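Everything numeric in this text was worked out from a predicted model, so none of it was measured.
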Amino acid sequence: MEKGDVNIFRFPNELPENCRIIIIDDIIDSGRTAIDIAKYYTISCKPYELVLVSLYIRKQTNQDELFKSYNEIYYGAELDDEWICGYGMDDDKGEMRHIPRTYKVIREND
């Protein structure tokens with residue numbers, strides 16, 4: 001496995017075919033993980049609909065590519081090149097994922 005590859009290691013074992021699947025994520029950066037998850041479920045469950053929901057999405061994310069895999073995409077806010085932490089997202093030191101809200105990390109160089 002090379003750096004940047006998506007490693008999907010655990011999914012629910014049994015989902016019925018022809019169902020609606022909603023994928024919920026904290027942040028969509030490049031979209032590669034979301035696309036790989038969609039491929040997995042498309043092959044294994046043959047859903048009639050795939051929906052992607054995220055708190056944040058990067059403005060640089062190629063949403064046209066995401067819509068090739070998902071019927072609907074919902075997100076709370078768009079981000080530029082900002083580092084966000086809290087709600088399960090680590091800061092650059094691998095901490096702060098336990099914070100019950102999100103914060104923009106301001107580095108000394110910014």
Side-chain angles (χ1 to χ4, degrees):
M1 186 166 179
E2 295 182 31
K3 184 177 180 175
D5 286 348
V6 176
N7 182 16
I8 300 171
F9 60 90
R10 185 171 180 211
F11 285 98
N13 292 339
E14 296 181 26
L15 287 175
E17 287 190 6
N18 198 30
C19 63
R20 181 180 197 216
I21 297 175
I22 302 171
I23 305 298
I24 301 172
D25 201 355
D26 52 5
I27 186 168
I28 302 167
D29 284 306
S30 68
R32 288 182 57 203
T33 301
I35 290 169
D36 284 355
I37 290 170
K39 286 178 187 175
Y40 174 86
Y41 281 119
T42 298
I43 292 167
S44 65
C45 301
K46 300 171 185 62
Y48 73 86
E49 184 175 45
L50 270 173
V51 179
L52 179 60
V53 179
S54 181
L55 184 57
Y56 295 108
I57 190 169
R58 298 253 180 233
K59 288 182 180 178
Q60 308 89 301
T61 303
N62 186 341
Q63 291 189 38
D64 291 338
E65 285 299 311
L66 286 174
F67 274 111
K68 290 178 183 177
S69 300
Y70 290 91
N71 302 90
E72 300 173 46
I73 299 171
Y74 300 99
Y75 54 88
E78 287 184 318
L79 298 175
D80 288 314
D81 191 23
E82 302 163 292
W83 192 288
I84 301 293
C85 64
Y87 276 131
M89 295 176 279
D90 290 329
D91 64 0
D92 54 349
K93 296 175 185 160
E95 302 170 357
M96 296 185 67
R97 72 174 29 246
H98 65 284
I99 305 293
R101 58 191 61 80
T102 58
Y103 292 97
K104 176 181 176 181
V105 176
I106 298 174
R107 298 181 185 131
E108 292 180 19
N109 302 2
D110 291 348

Is there side-chain contact between [X] and [Y], with at least one heavy-atom pair below 4.5 Å?
X	Y	value
Ile27	Arg58	yes
Leu66	Ile57	yes
Ile84	Tyr56	yes

Checklist entry - Out of Asn71, Asn18, Ile21, which residue meets the side chain to side chain contact (heavy atoms under 4.5 Å, CB included) rule with Tyr48? => result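 Exactly one pass, corresponding to Asn18.
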What about [X] and [Y], same hydrophobic cluster or not, with Ile/Leu/Val/Met/Phe/Trp/Tyr joined at side-chain heavy-atom distances under 4.5 Å?
X	Y	value
Ile22	Leu55	no
Leu50	Val53	no
Tyr74	Tyr70	no
Val51	Ile37	no

Rounded at 0.5 Å granularity, tell me how far [atom1] in [X] sits from [atom2] in [Y].
X	Y	atom1	atom2	answer
Ser54	Ile73	OG	CD1	10.0 Å
Arg20	Glu49	CZ	CD	4.5 Å
Leu52	Gln63	CG	CD	9.5 Å
Phe67	Glu72	CZ	CD	8.5 Å
Gln60	Leu79	CD	CG	9.0 Å

Tell me whether [X] contacts the main-chain N or O of [Y] through its side chain, where contact means a donor paired with an acceptor under 3.5 Å.
X	Y	value
Asp25	Ile28	no
Thr102	Cys85	no
Asp80	Glu82	no

Checklist outcome for this item: Here the pair of heavy atoms bringing Ser69 nearest to Ile35 is OG-CG2, 3.9 Å
Item to check | Greater than 12 external heavy atoms within 6.0 Å of Lys39's NZ | outcome: no
